[in-house]
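All remarks here apply to the structure that follows.
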Amino acid sequence: IPQKYRLNQGLSPEEQTLTNASVETIDGKTVMKFTKPLVEPNQIPITPGENKMLWAHGGASTTIGYHSTNRSRFSLNLNFDGSSAPEPPPAVEPPSLKVGDEICTTGFIMDTFCIDRGTLLDAPSVVTLQNPDLHSYHCLLDVGACINSGYQVLGEKDPSTGEYCLGYRLEETDKVVAAGRAHGTPKSHPDFFKCTTCKGPDDNPIAGYRATVKGTIKSLGDGSQSVSGQPLLTNIQMLDASEECATPAPQTVCLGSPDGAAPAPGTPSAGEKAPTVDCSSVTCETELTEGYTLRHKLNNPAEPDGTIRVELIYEGDAWLGIAFSEDERMGGSDGILGSPGGIPQKYRLNQGLSPEEQTLTNASVETIDGKTVMKFTKPLVEPNQIPITPGENKMLWAHGGASTTIGYHSTNRSRFSLNLNFDGSSAPEPPPAVEPPSLKVGDEICTTGFIMDTFCIDRGTLLDAPSVVTLQNPDLHSYHCLLDVGACINSGYQVLGEKDPSTGEYCLGYRLEETDKVVAAGRAHGTPKSHPDFFKCTTCKGPDDNPIAGYRATVKGTIKSLGDGSQSVSGQPLLTNIQMLDASEECATPAPQTVCLGSPDGAAPAPGTPSAGEKAPTVDCSSVTCETELTEGYTLRHKLNNPAEPDGTIRVELIYEGDAWLGIAFSEDERMGGSDGILGSPGGIPQKYRL
């Protein structure tokens, strides 16, 4: 069922105030419904008149994740009492443009990534379209995510909103990058990131790239109030901003203002009178885009406990989303996302690191002879960041596979330990080896343990209780999160092993192939009764006195595959033809334990680290470059510089056999959440993130 989110930030159980919430697939359509209070503490109020909104859907995907397309802004004009809304300003004739027109325009050059996120990646407190003059050449021309998203030349500032208007998309990214790098200064500046690829004079700007652009209209765009709705210029010439246009180009769309902007689908055009329909007496309908419809009805809108009932209908099987916004930007909006089979959730959207925390030096990402190579130097010790110390350092790696755009990665990632030896003395002796269990395909397995979804294992903490470490307290994982939330259901399930006393964490166990059997058994067992400390399981049908959290079961099945051998969910044996039994049913022969994360006992060693029982290497990584194979085709090379000094650093080189984004993270507990990550994609420079 739908849930509320603060986008990229989970909300507490107390803030999950949606009622009558569901997401279903009906006759090939995805339908999300919920009722939400009009006014809530610390949330954007829903008021009479125009409400700024955002919509999104997953296209062909039911797993909620990054969506560079299938989203847009719109305005929802809510009429509480049947009186007409205020008259909009007079209509402004849209510009007359056609394919083949020759265009000349002067303006700020901006990447689509920073337009879409709403704030500058290198300065998250700055609204992109309010201050493109503060956008560093570094972010524009060094960062792969910005380069790969494409560019646009912005229009003039709209005085009614204080924001620059959208302008014209630019087809030839290579020409924009080349011109920008030739213009920008490589000189350092205390207020901006240094542009490492720029080659302009020292006194040229470090931020706010403006240019005159000439080109031919190749297409007019999709007509939306977004980047994709703007005309696309081809055969472009990038000229100095001082070069004037003989005939300046017509202005296109100014966001946030009715003047000159094409109306959002389902809203009156400029100059039309707003509808007098009272959406508190009938259900109103808005077509967000082709195949995606919003239906809404207000309940007691004049009262403090007034609510809005929302229904989203999408022609296909996908996750759906809508957000209430103060400025039509994703950052800071109050979003509601849901996917079929789960319940909608509320979220609050976006965050990054400050320029002061971006301390990497000699950082680059390049594609060389078909390999992606990321290099950087990082201080060993930094304020409020995980220190790099002698001995074992818990780490994570990731790469984009076939993608150079940094985004969600359910595969192509794992944990590993990096044993750093600063002075040539051997690291502490590991405990004695433990013989791994002997398992083979076709073995019959019986095991009893907590049932956990892969999504919450991979994120490291429970989605419904972000302060709880997943493998430390599976007993606190609500049936709601396990069985109502689409992201958890769609990720698949595993039956965990016993608790490892050396780490206090439950060991990974066996993957379960038939998700439908797990869901059916869990919903039959869990209670639908409310509880003050947990989300209510809306799909559960068990007795009132059955548990609301910590689903345990006895599982019988046959090993179908042994996994990929990694210290992660994908490395565990997969059971098929499973039977889900009550946890009170004992196994005649309990299954062997598989991998316990964070402990050398019983766990296959990370690639490139000594096996249990072997002595740690005595190589001094401050005198030579050490190398670790993270996984097949992905290698880490590292060297320590002055490790005994306060200003000690580590030089890192990641080499991947292919063209992809790369990532590595320093961790305290081998979990993604809270780790200090470094990500980069070819053509940009690596950036630090807090995961």
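When a residue number appears, it is its place in the shown sequence, counting from 1.
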Q.
Does Ile578 form a side-chain contact (heavy atoms from CB on, under 4.5 Å) with Lys556? I'd like the steps, not just the answer.
A. CA-CA 5 Å; Ile578 63 170; Lys556 293 181 178 180; over 6 Å; no
Q) Is the backbone of Cys507 close enough, under 3.5 Å, to the side chain of Glu498 for a donor and an acceptor to pair up by distance? A) no
Q: Any chance you could measure Thr558, atom OG1, to Glu444, atom CD, to the nearest 0.5 Å?
A: 3.5 Å
Q) At their closest point, which heavy atom of Ile147 faces which heavy atom of Leu141, and how far apart are they? A) CD1-O, 3.3 Å
Q) Can you tell me how far the OG1 atom of Thr173 sits from the CG atom of Asn148, to the nearest 0.5 Å? A) 8.5 Å
(Q) Distance check, rounded to the nearest 0.5 Å: Ile457 atom CD1 versus Leu508 atom CG? (A) 6.0 Å
Q: Assess whether side-chain contact (heavy atoms from CB on, under 4.5 Å) is satisfied between Arg181 and Lys199, documenting all intermediate values.
A: CA-CA 6 Å; Arg181 288 175 175 172; Lys199 299 173 183 176; 5.7 Å; no
Q: Please identify each residue that fulfils side-chain contact (heavy atoms from CB on, under 4.5 Å) with Ser491, with sequence neighbours left out.
A: Asp453, Thr454, Phe455
Q) Counting distance only, does the side-chain N/O of Lys194 pair as donor-acceptor with the main-chain N or O of His138 below 3.5 Å? A) no
Q: Might you work through the side-chain contact (heavy atoms from CB on, under 4.5 Å) test for Ile445 and Ile559, ending with a clear yes or no?
A: CA-CA 7 Å; Ile445 293 293; Ile559 294 181; 3.7 Å; yes
Q. How far apart are the C-alpha atoms of Asn642 and Thr649, what are their side-chain angles, what is the distance that settles it, and do they pass the side-chain contact (heavy atoms from CB on, under 4.5 Å) test?
A. CA-CA 7 Å; Asn642 303 318; Thr649 62; over 6 Å; no
(Q) Looking at Cys446 and Cys587, is the distance between their SG atoms under 2.5 Å? (A) yes
Q: For the pair Tyr656 and Tyr634, name the ring-plane relationship: parallel under 30°, tilted 30 to 60°, perpendicular over 60°.
A: perpendicular
Q. Hey, does the side chain of Tyr137 reach the backbone of Thr197 with a donor-acceptor pair shorter than 3.5 angstrom?
A. no
Q.
Taking Leu471's backbone N and O only, do any of them form a donor-acceptor pair with Glu505's side chain (distance below 3.5 Å, no angle check)?
A. no
Q | Minimal non-hydrogen separation, Cys198 against Pro186, with atom names | A | O-CB, 3.3 Å
Q. Once you round to the nearest 0.5 Å, how far does CD of Glu653 lie from NZ of Lys639?
A. 13.0 Å
Q. Taking the side chain as C-beta and beyond, is there a heavy-atom pair between Val555 and Val518 under 4.5 Å?
A. no
Q. What is the minimum heavy-atom distance between Pro474 and Met452, and which atoms define it?
A. CB-CE, 3.6 Å
Q.
Between Lys187 and Ile206, is there a side-chain heavy-atom distance shorter than 4.5 Å?
A. no
Q: Would you check if there is a donor-acceptor pair between the side chains of Glu629 and Thr635 at a distance under 3.5 Å?
A: no
Q. Measuring from Tyr151:OH to Cys146:SG, what's the distance to the nearest 0.5 Å?
A. 7.0 Å
Q. Does Asp443 use its side chain to pair, donor to acceptor, with the backbone of Leu439 at less than 3.5 Å?
A. no
**Q.** Rounded distance [0.5 Å steps], SG in Cys481 versus CG in Leu476
**A.** 12.0 Å
Q) Do Leu512 and Lys517 have side-chain heavy atoms sitting under 4.5 Å apart? A) no
Q: Taking all non-hydrogen atoms of both residues into account, name the closest pair between His638 and Thr628 and its distance.
A: CE1-OG1, 4.1 Å
**Q.** Centroid-centroid under 6.0 Å between Tyr551 and Phe450 rings
**A.** no
Q. Are any of the side-chain heavy atoms of Lys499 and Tyr506 separated by less than 4.5 Å?
A. yes
Q) Where is the tightest heavy-atom contact between Thr470 and Cys456, given as atom of each residue plus distance? A) OG1-O, 2.7 Å
**Q.** Pairing residues for Leu574 by the side-chain contact (heavy atoms from CB on, under 4.5 Å) criterion, not counting sequence neighbours
**A.** Arg511, Glu513, Lys560, Ser561
**Q.** Test item: Ile655 and Arg637 side chains (from C-beta on) under 4.5 Å apart, heavy atoms
**A.** yes
